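Residue numbers start at 1 and run along the sequence shown. Keep in mind it's a predicted model, so treat the numbers as computed, not measured. Every number for a ligand or one of its atoms is a count from 1 in the order of the listing.
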Amino acid sequence: MYPKIRMRRLRNHHLVRGMVAEFELKPSNLILPLFVKEDLEEGTKSPISAMPGVFQHSILTLVQEAKEARDLGIPAIILFGIPSRKDAVGSEAYNPEGIIPRAIRAIKDELGDSLLVACDVCLCEYTDHGHCAPIDGQRILNDEALELYARASLEYVKAGADIIAPSDMMDGRVAHIRQVLDHAGHKDTIIMAYAVKYASAFYGPFREAAESGFAQGPKDRMTHQMDPANLSQAFREVELDLMEGADIIMVKPALPYLDIIKALGDRFDSPLAAYQVSGEYSMIKAAAEKDWVDGEKAMMESLLSIRRAGATMILTYFAKEAAQAMKR
Ligand code: PBG
């Protein structure tokens with residue numbers, strides 16, 4: 001039978017493979033999540049056992065880490081704070097002298113405009129019950145939380161944050177944050193909304209990293225995060241967040257939800273980010289430690305697949321390692 005189709009002609013030579021490659025990963029696609037902890041001795045960092053290679057930082061080591069990311073060509077970091085004091089309403093999240101505003105100021109003092117600082121906005125690291133909003137028994141108080149997210153966002157922006165990333169999944173929070181920021185004159189601050197965030201088991205290791213479990217109230221986040229059995233609500237979530245003023249939308253987790261990333265990219269033209277979460281990272285690390293997979297190849301393959309699905313930005317604990325691998 002002619003013509004003879006031989007797919008191998010496009011694969012035999014590495015230069016041909018490069019020439020026909022449709023997707024590429026660059027350091028500029030990556031955003032590095034970093035944890036900063038209030039009561040760590042300055043200059044020290046504390047390893048997270050469930051996430052080999054990831055640390056809770058003091059401000060000094062955080063700045064060092066941010067600098068290394070910048071030097072590798074990574075454009076942005078996203079900060080998570082672990083306060084020394086938690087209460088029912090997460091007061092430390094919006095304390096102007098809290099750990100996140102202090103960390104932002106330290107990074108900006110050192111790195112200025114050469115690195116974007118994004119801040120996760122949520123209360124779950126700051127509440128003693130471990131939930132993303134105040135609770136009343138088993139009920140998560142959606143509307144009561146909105147003002148608190150807006151206050152936290154404003155403090156972070158005043159300290160120098162470039163991007164606000166609300167991750168709580170309460171209804172109406174993007175509009176509320178946008179309004180408060182605009183009113184205070186911060187009209188150009190970007191909102192990257194965790195628009196499509198599933199109630200996922202893959203956040204497991206993050207609980208250790210952020211020191212947030214469920215001490216009271218519901219034992220999961222099914223009442224506000226998305227049900228993994230649903231796709232159509234993802235469209236509604238994105239429509240709402242865009243209408244409310246989000247600039248970038250995010251899907252989370254990434255690898256188990258590549259279909260969702262693809263579907264959203266086909267339907268919306270706003271910039272799309274995906275979060276390769278703690279469990280995705282730790283699974284690759286754990287398998288690599290046992291020599292069951294080649295860790296670097298599995299890392300690069302998973303990141304490339306997220307790009308291929310349609311995400312331009314990838315939040316990943318691998319950011320530095322991947323950027324280093326790209327240099328080789
Ligand atoms: C805060 C938040 C979580 C993550 C990011 N922001 C935890 C959660 O929603 O339960 C998870 C990140 C990760 O697992 O890497 N709400």
Establish, yes or no, whether the cationic atom of K285 lies under 6.0 Å from the six-membered ring centre of Y317 and within 45° of the ring axis.
->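 Output no; distance or angle outside limits.
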
K252 to Y194 six-membered ring, cation-pi geometry met (6.0 Å, 45°) |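 Geometry flag: not set, cation outside 6.0 Å or 45°.
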
Which part of [X] is near ligand 1, with near meaning a heavy atom under 4.0 Å away: side chain, backbone, both or neither?
{"X": "D120", "result": "side chain"}
{"X": "F80", "result": "side chain"}
{"X": "C122", "result": "side chain"}
{"X": "C124", "result": "side chain"}

Considering only non-hydrogen protein atoms, determine which one is nearest to [atom] and report residue, atom name and distance to 0.1 Å.
{"atom": "atom 14 (O) of ligand 1", "result": "S278 OG, 2.7 Å"}
{"atom": "atom 2 (C) of ligand 1", "result": "K197 NZ, 3.4 Å"}
{"atom": "atom 12 (C) of ligand 1", "result": "F206 CD1, 3.3 Å"}

Would you check the N or O atoms of D168, main chain and side chain alike, for any that come under 3.5 Å of an N or O of ligand 1?
->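 Not met; the criterion fails.
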
Per-atom contacts of ligand 1 with [X], taking only distances under 4.0 Å to non-hydrogen atoms:
{"X": "S167", "result": "1 (C), 2 (C), 6 (N), 16 (N)"}
{"X": "Y317", "result": "12 (C), 13 (C), 15 (O)"}
{"X": "R221", "result": "8 (C), 9 (O), 10 (O)"}
{"X": "K252", "result": "2 (C), 3 (C), 4 (C), 5 (C), 6 (N), 11 (C), 12 (C)"}

Pairwise side-chain contact, D182 with R178, heavy-atom cut-off 4.5 Å (strictly under) =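 Side-chain contact under 4.5 Å: yes.
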
Please name the pair of heavy atoms, one in A133 and one in L141, separated by the smallest distance, quoted to 0.1 Å.
->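 In this case the closest contact between A133 and L141 is CB-O, 3.8 Å.
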
Examine L304 and Y275 and state if one hydrophobic cluster contains both, with Ile, Leu, Val, Met, Phe, Trp and Tyr joined whenever side-chain heavy atoms are less than 4.5 Å apart.
->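 They do share one cluster, since a chain of ILVMFWY contacts under 4.5 Å joins L304 to Y275.
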
So is Q225 in contact with ligand 1, going by heavy-atom distances below 4.0 Å?
->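 In this structure, Q225 qualifies as a contact of ligand 1 - some heavy atom is under 4.0 Å.
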
Ligand 1 contacted by R207 (non-hydrogen, < 4.0 Å) |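 Heavy atoms of R207 do come under 4.0 Å of ligand 1.
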
For [X] and [Y], which I'm curious about, is there any donor-acceptor pair between the side chains at under 3.5 Å?
{"X": "E92", "Y": "N95", "result": "yes"}
{"X": "Q276", "Y": "S302", "result": "yes"}
{"X": "S58", "Y": "E42", "result": "yes"}

Could you tell me whether the side chain of H131 and the main chain of P218 form a donor-acceptor pair under 3.5 Å?
->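 At least one qualifying donor-acceptor pair exists.
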
